[in-house]
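The structure appears below as structure tokens.
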Amino acid sequence: MTIQIHDTLRGEKTELVPLVPGQLGIYVCGPTTYDFAHVGNARPYTAFDAVVRYLRFSGFTVKHARNFTDVDDKIIRRAHERNEDPFALSARYIDEFESDMASLGIQRPDVAPKVSEHLPEIIALITELVATDKAYARHGDVYFRVRAFNGYGKLSHRNVDDLKSGARVEVDDTKDDPLDFALWKAAKPGEPFWESPWGAGRPGWHIECSAMSAKYLGQPFDVHAGGKDLVFPHHENEIAQSEAAHGKEFARYWIHNGFVTLSSDGVGDDAKISKSKGTLLTIRAILERFDGEALRALLLSTHYRNPLAFSEQALLDADRRVESVYTTLEAAGRKFGARAESADEKVMAQFCEAMNDDFNTAEALGRLAAPLSRLGELAAKKSPKSPTSEEEREARSLLAAVRKATGVLGLWDRDPAARLLERRTTVAARLGLDPATVETAIAERTAARASRDFARADAVRAAWLAKGVELMDTPAGTTWRILL
RNA sequence: GGCGCCGUCGCCAAGUGGUAAGGCAACGGUCUGCAAAACCGUCAUUCCCCGGUUCGAAUCCGGGCGGCGCCUCCA
């Protein structure tokens with residue numbers, strides 16, 4: 001069983017063969033921390049989290065590195081605007097980022113290196129490039145000589161001459177060639193800086209990923225991941241400077257996720273959540289109204305390379321699905337969960353087949369629908385069979401498989417009953433609703449039903465339904481849920 | 001101008017040569033005092049359009065229409 005991975009460099013799917021059998025090093029380009037992360041940021045980290053989880057599930061020992069770019073023009077600019085220390089600002093948004101990631105069920109990477117803590121490595125790398133004339137210093141800046149690296153453009157499939165003719169780069173006399181990019185930038189007054197052989201300054205944008213990935217994963221390493229927008233110039237430049245310096249391949253496989261686009265689906269409240277067109281929507285804003293697991297489910301509902309149209313309606317649909325699957329798992333767990341059974345092999349094979357094909361989470365999720373619905377069917381059956389009957393064995397085996405597979409995706413991996421209760425109470429709190437008042441109403445309604453005063457009972461239910469609370473009668477009593 | 005992506009049921013979405021997964025919604029049914037939930041069933045002879053290749057195409061090729069991205073600091 002092999003894993004096929006769509007490699008941007010080769011431009012096609014290819015078998016993932018690790019450098020060292022059984023081990024995999026993966027580097028995911030992390031955020032520049034100058035503000036809250038937005039939905040677009042949520043995508044790569046969620047998608048590649050699922051990839052890492054699956055690779056581990058498949059038996060690989062994975063070393064996952066994801067950097068924080070905490071030294072950057074945007075951070076400095078934002079800090080100046082707010083009269084704040086750039087490092088303090090950056091550190092604050094790193095914390096916020098970690099919190100968002102946790103809400104999305106994203107596991108922490110094994111290493112999360114920061115640029116500010118790797119100046120020696122960065123300076124050493126630039127020094128090497130300068131020494132071999134692959135880079136040159138100019139007025140305290142250092143530039144990479146793009147023409148000196150003949151593989152330039154191989155990742156983004158562009159040729160250097162096309163780039164030059166179409167370049168919207170202003171003519172700059174300090175550079176030998178307009179395509180050359182900065183490895184090191186001389187410090188301007190008031191900016192943070194480090195001492196270097198070229199004077200006081202700070203790293204350019206691309207160099208940190210080259211230096212830190214080499215330090216933690218070696219050269220070459222297996223998989224380099226990031227958003228599609230980073231292919232050019234960021235990743236192209238990483239390859240150029242790394243391969244020029246080390247004289248060997250940089251990363252062996254490149255995977256890139258597609259964009260999240262904001263779409264107005266015309267379903268009323270869309271504007272409220274996506275603000276005006278072009279405004280970036282933060283993860284935090286979404287979490288104020290929705291569950292992180294719903295957002296994760298939405299992000300994994302399409303293949304990671306395809307574009308994903310984000311909308312309030314899409315999120316509502318995802319949320320409904322999250323709840324309904326938990327409902328099925330709860331019912332099945334209550335009826336069959338007492339005894340353990342090994343996971344159904346067919347279901348696992350189906351799941352793995354989808355994931356092995358370039359981590360197709362959408363396909364994998366689709367394949368779990370059948371066992372899930374079978375599980376619901378078995379859980380709904382009235383006549384209790386003996387606990388050792390064939391059907392019960394089947395149910396336990398399906399339940400084990402579904403829980404195992406969804407767990408790999410980082411979805412439906414909590415205790416269903418606790419999860420449903422938690423969802424209900426947090427949503428209630430968000431809406432300013434006291435669960436106790438609902439319970440009181442339920443008691444009142446139960447009394448009305450007992451005395452067969454159905455008009456009264458229906459009135460109570462209708463009143464709460466108008467407030468978005470649905471009362472549901474079950475053999476075990478009346479429960480309720482909140483309609484989003 | 002250069003490079004690239006996308007267009008599959010009302011909505012989301014998988015499928016990249018072998019005769020259209022799945023989810024949501026909708027509709028019918030079981031259950032229920034009635035509902036809801038849950039469960040059962042129905043729901044694309046067809047994949048933006050036109051041509052071509054092929055025994056066979058949503059899938060490959062050519063053209064068109066529509067949407068989108070990148071081309072120096074944006075995941």
Side-chain angles (χ1 to χ4, degrees), chain A residues 8 11 13 28-32 37-48 69 72-74 146 153 156-159 161-170 172 178-182 185 204-206 225-234 236-237 256-261 263 265 267 280 297-298 301-303 305-309 311 313-314 316-318 320-321 323-325 327-328 331 350 354 357 360-370 372-373 376-382 449 452-455 457-458 461-462 465 470-475 478-481 483:
Chain A
T8 307
K13 278 187 211 169
V28 178
C29 272
T32 299
H38 57 77
V39 239
N41 295 306
R43 169 100 112 142
Y45 307 127
T46 303
F48 300 133
T69 297
D72 174 88
D73 290 353
K74 290 192 292 291
V146 167
S156 54
H157 306 289
R158 295 155 202 245
N159 69 63
D161 295 317
D162 284 347
L163 283 171
K164 190 168 187 182
S165 57
R168 51 177 204 206
V169 197
E170 67 265 37
D172 186 346
L179 293 178
D180 292 350
F181 58 89
K185 297 171 136 179
W205 177 35
H206 320 291
K228 213 174 187 169
D229 51 339
L230 296 180
V231 173
F232 189 90
H234 187 57
E236 195 72 60
N237 289 356
H256 294 96
N257 65 273
F259 293 107
V260 173
T261 59
S263 78
D265 48 23
V267 189
L280 292 177
L298 172 62
S301 72
T302 184
H303 183 93
R305 284 195 295 119
N306 289 157
L308 175 76
S311 70
Q313 190 56 51
L316 283 166
D317 290 348
R320 186 167 309 147
R321 182 68 181 155
E323 189 182 11
S324 87
V325 170
T327 301
T328 301
Q350 287 278 303
D357 184 12
N360 196 337
T361 54
E363 174 73 19
L365 247 13
R367 289 180 177 204
L368 291 177
L372 217 30
S373 96
E377 187 187 347
L378 291 171
K381 281 201 175 183
K382 287 242 172 71
R449 289 178 71 215
R452 308 200 61 80
D453 182 359
F454 294 125
D458 290 350
R461 188 169 61 197
L465 188 59
E470 192 163 51
L471 303 185
M472 303 181 294
D473 300 328
T474 76
T478 301
T479 62
W480 56 282
R481 65 168 187 160
L483 301 172

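We name chains A, B, ... by the order of the sequence lines, and we start the count at 1 in each one. Just so you know, these numbers come straight off a predicted model, no measurement behind them.
If you take atom C1' in B/C49 and the same atom in B/A25, they sit 29 Å apart, rounded to whole Å. Between the P atoms of B/G10 and B/U46, the separation comes to 13 Å (whole Å). The separation of B/A13 from B/C34, taken at their P atoms, amounts to 40 Å, rounded to a whole angstrom. When the C1' atom is used for both B/A44 and B/C3, the distance is 35 Å, rounded to whole Å. Between the P atoms of B/G41 and B/C24, the separation comes to 14 Å (whole Å). Going from the P atom of B/C6 to that of B/C60 covers 9 Å, rounded to whole Å. Atom name C1', nucleotides B/C47 and B/C12: the rounded distance is 16 Å, in whole Å. The gap from the P atom of B/U59 to that of B/G1 amounts to 27 Å, rounded to the nearest Å.
With sequence neighbours left out, the side chain to side chain contact (heavy atoms under 4.5 Å, CB included) criterion links A/Ala37 to A/Asn41, A/Phe97, A/Asp100, A/Ile283.
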(request) Go along nucleotides 24-37 of chain B 5' to 3' and tag each nucleotide: B for a protein heavy atom under 4.0 Å from its base, S when only backbone or sugar atoms are that close, - otherwise. (result) SS-------BBBBS
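Side-chain contact check for A/His38 versus A/Val260: every heavy-atom pair is 4.5 Å or farther apart. With a 4.5 Å cut-off on side-chain heavy atoms, A/Tyr45 and A/Arg43 do not count as touching. You'll find the side chain of A/Glu323 reaches within 4.5 Å of the side chain of A/Arg481, heavy atoms only.
In this structure, A/Phe259 places its CZ atom 9 Å from C1' of B/C68, rounding to the nearest Å. Look at CG on A/Asn257: it is 15 Å from P on B/G69, rounded to the nearest Å. For the pair A/Leu230 CG and B/G69 P, the computed distance is 16 Å after rounding to whole Å. Summarising the geometry, the separation between NZ on A/Lys381 and P on B/A38 is reported as 19 Å, rounded to the nearest angstrom. Rounded to a whole Å, the CG atom of A/Asn237 is 10 Å from the C1' atom of B/C73. A/Asp357 places its CG atom 14 Å from the C1' atom of B/A21, with the value rounded to the nearest Å. In this structure, the CZ atom of A/Arg367 is 14 Å from the P atom of B/G23, given to the nearest Å. The distance between atom CZ of A/Arg305 and atom P of B/G15, rounded to the nearest whole Å, is 9 Å.
Using a 4.0 Å heavy-atom cutoff across all strands shown, A/Ser156 reaches sugar-phosphate atoms only and no base atom. Residue A/His234 is classed as having no contact, given no heavy-atom separation below 4.0 Å to the nucleic acid. Within 4.0 Å (heavy atoms only), A/Val260 reaches at least one base atom of the nucleic acid. Residue contacts for A/Gly227: at a heavy-atom cut-off of 4.0 Å it reaches the sugar-phosphate backbone alone, with no base atom in range. At a threshold of 4.0 angstrom between heavy atoms, the contacts of A/Gly226 are confined to the sugar-phosphate backbone, with no base atom among them.
Both distances falling under 3.5 Å, in either a Watson-Crick or a G-U wobble arrangement, place B/C70 opposite B/G2. Pairing of B/G33, defined by two Watson-Crick or G-U wobble distances under 3.5 Å, is not identified with any nucleotide. A 3.5 Å limit on both hydrogen-bonding distances identifies B/G10 as the Watson-Crick or G-U partner of B/C24. The pairing partner recorded for B/C47 is none, the criterion being a Watson-Crick or G-U wobble arrangement whose two distances lie under 3.5 angstrom.
The distance from the OG1 atom of A/Thr302 to the CG atom of A/Asn360 is 8.5 Å, given to the nearest 0.5 Å. Atom-to-atom distance recorded for A/Thr328:OG1 and A/Leu378:CG is 11.5 Å, nearest 0.5 angstrom. Distance check: A/Leu372 CG to A/Ser324 OG gives 7.5 Å after rounding to the nearest 0.5 Å.
In terms of heavy-atom proximity, A/Ala314 sits nearest to A/Ala309 at CB-O, 4.3 Å. A/Gly258 approaches A/Lys228 most closely through the heavy-atom pair CA-CD, 4.2 Å. A/Leu365 and A/Ser301 make their closest contact through CD2-CA, 4.4 Å (heavy atoms, listed as atom of the first residue, atom of the second, distance).
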Atom pairs under 3.5 Å, N or O on each side, protein against nucleotides 39-44 of chain B: can you list them with distances?
unit_1, atom_1, unit_2, atom_2, d
B/C40, OP1, A/Glu377, OE1, 3.4

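Nearest-nucleotide mapping onto RNA chain B: of A/Lys13 and A/Ala370, the residue sitting toward the 5' end is A/Lys13. Judged by closest nucleotide on RNA chain B, A/Lys228 is the one of A/Ala362 and A/Lys228 placed further toward the 5' end.
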(request) Tell me, with the steps shown, if A/Asp317 and A/Leu298 meet side chain to side chain contact (heavy atoms under 4.5 Å, CB included). (result) CA-CA 8 Å; A/Asp317 290 348; A/Leu298 172 62; over 6 Å; no
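Scanning atom types as modelled, one donor and one acceptor separated by under 3.5 angstrom connect the side chain of A/Lys185 and the base of B/C73.
Ring orientation note: the planes of A/His206 and A/His234 are tilted relative to one another, at an angle of 30° to 60°.
Ranking B/C3, B/G23, B/U72 by closeness to the A/Arg158 side chain, first place goes to B/C3.
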